[in-house]
There are 2 protein chains.
Amino acid sequence: MKLTQTEMAHTLRQAGYRLTQPRLAVLQVLEESDEGLSPEEVHQQGKTVCVSLGLVTVYRTLELLAELGLVRRVHSQQRCHGYASAGAARHHLLCRGCHRVTEFPCDGLDDLIEAVRRQTGYAITEHLLELSGVCPECQAKSA
Amino acid sequence: MKLTQTEMAHTLRQAGYRLTQPRLAVLQVLEESDEGLSPEEVHQQGKTVCVSLGLVTVYRTLELLAELGLVRRVHSQQRCHGYASAGAARHHLLCRGCHRVTEFPCDGLDDLIEAVRRQTGYAITEHLLELSGVCPECQAKSA
DNA sequence: GTGCTTGCAAACCCTTTGCAGTGAA
DNA sequence: TTCACTGCAAAGGGTTTGCAAGCAC
């Protein structure tokens with residue numbers, strides 16, 4: 001699921017924020033990329049969309065967009081501070097070859113979480129599941 | 001599963017490293033704590049065990065111990081660079097109240113991973129599953 | 001026109017590196 | 001005794017903050 005500019009504008013407006021070129025640029029970069037990007041990478045690619053884009057603004061924008069749920073933070077062993085466009089799922093599949101980030105449906109997870117809740121007594125409110133491996137394309141390349 | 005000093009000494013020796021006071025201190029702190037600790041926290045607590053312990057040594061020791069598999073890196077939305085004593089599992093349950101890190105058995109995960117592999121074609125080599133919520137003790141406190 | 005937003009520069013903090021003294025084997 | 005290890009100090013790099021100029025509304 002990708003977010004359109006219209007949807008984004010609406011979300012920003014509703015939260016009392018303005019729709020600006022830098023914000024559009026950051027979101028566009030994340031939507032056009034399948035990878036989890038670092039702030040630095042977002043800045044580099046964002047400058048092709050909004051020439052005057054500053055790194056500081058990227059940081060502020062990423063924080064804002066993450067707060068609004070328009071982008072999602074991606075943590076992994078390799079790159080700890082990645083950002084990706086927000087889809088519905090919280091489950092990420094990382095390719096260690098090309099760093100692309102894919103989301104996948106994860107039907108069995110709820111049962112699993114329920115089992116853990118029963119065993120431990122925790123009230124579980126969030127989960128983070130990241131699988132990493134090699135995507136079909138990179139497997140083909142290395143073969 | 002906790003590691004004893006003897007086991008640790010053996011692991012270090014086998015890899016060609018020396019068993020030193022700072023290394024013992026760092027491991028002891030992580031074993032006595034149920035939380036995922038930041039390098040800074042390990043340093044603070046470690047100084048009660050090894051008075052002269054320096055922060056730099058904590059960083060170097062954590063990296064070494066992680067490499068040897070004696071401690072494990074813990075990533076989460078809140079604290080990105082945490083370390084915890086290594087157990088058998090890779091599944092962590094974080095309490096957002098007291099920051100304790102519990103490990104839990106996760107029987108259904110292999111099936112889930114296999115399903116994702118079939119759907120996506122990825123060769124999945126690693127996984128990271130972190131659940132977070134509120135532990136029973138913290139639930140009781142806030143009640 | 002108003003004031004939220006931006007970009008630059010500088011401050012900040014966490015982490016890493018260099019080096020001489022120290023202690024484990 | 002040897003040399004891996006430590007701790008200090010300083011460098012390094014990524015992130016945040018302050019402020020005047022610039023746009024969205």
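Every chain is numbered from 1, with letters handed out A, B, ... down the list of sequences. Quick caveat: nothing in here was measured; it's all calculated off a predicted structure.
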Once you round it to whole Å, what is the distance between [atom2] of [N] and [atom1] of [X]?
X	N	atom1	atom2	result
A:H81	D:dG13	NE2	C1'	13 Å
B:L19	D:dA4	CG	P	17 Å
B:H43	C:dC13	NE2	C1'	16 Å
A:L68	C:dT5	CG	P	11 Å
A:E40	D:dT16	CD	P	14 Å
B:E63	C:dT16	CD	P	7 Å
B:L55	C:dT17	CG	P	14 Å
B:L53	C:dT22	CG	C1'	15 Å

Candidates [options] - which lies nearest the side chain of [X]:
X	options	result
A:Y17	D:dT6, C:dG7, C:dT5	C:dT5
B:R18	D:dG7, C:dT2, C:dA24	C:dA24
B:R60	C:dT17, D:dC5, C:dG7	C:dT17

(message) Looking at A:S132, is its backbone amide N or carbonyl O close enough to the side chain of B:T125 to form a donor-acceptor pair, meaning the two atoms are under 3.5 Å apart?
(response)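 Present.
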(message) Starting from A:I113, can I reach B:L109 by hopping between I/L/V/M/F/W/Y residues whose side chains sit under 4.5 Å apart?
(response)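 Yes; A:I113 is reachable from B:L109 via cluster members.
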(message) Would a single hydrophobic cluster contain both B:L24 and B:L37, if residues Ile, Leu, Val, Met, Phe, Trp and Tyr are joined by side-chain heavy-atom contacts under 4.5 Å?
(response)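 B:L37 and B:L24: one cluster.
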(request) Would you please confirm or rule out a distance under 4.0 Å between OP1 or OP2 of D:dA24 and any side-chain N or O of A:T20? (result)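 Answer is no, no contact under 4.0 Å.
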(message) So, OP1 or OP2 of D:dC25: does either fall under 4.0 Å of a side-chain N or O from A:R13?
(response) yes
(request) Would you mind classifying the nucleic acid contact of A:R23 as base, sugar-phosphate or nothing, using non-hydrogen atoms under 4.0 angstrom? (result) sugar-phosphate
(request) Give the minimum heavy-atom separation between B:Q139 and B:V134, together with the two atoms involved. (result) NE2-O, 2.8 Å
(request) Apply the test salt bridge (charged side-chain N to carboxylate O under 4.0 Å, His left out) to residues A:E114 and A:R117: give CA-CA distance (whole Å), side-chain angles for both, the deciding distance (0.1 Å), then the verdict. (result) CA-CA 5 Å; A:E114 171 60 20; A:R117 190 196 61 70; 2.9 Å; yes
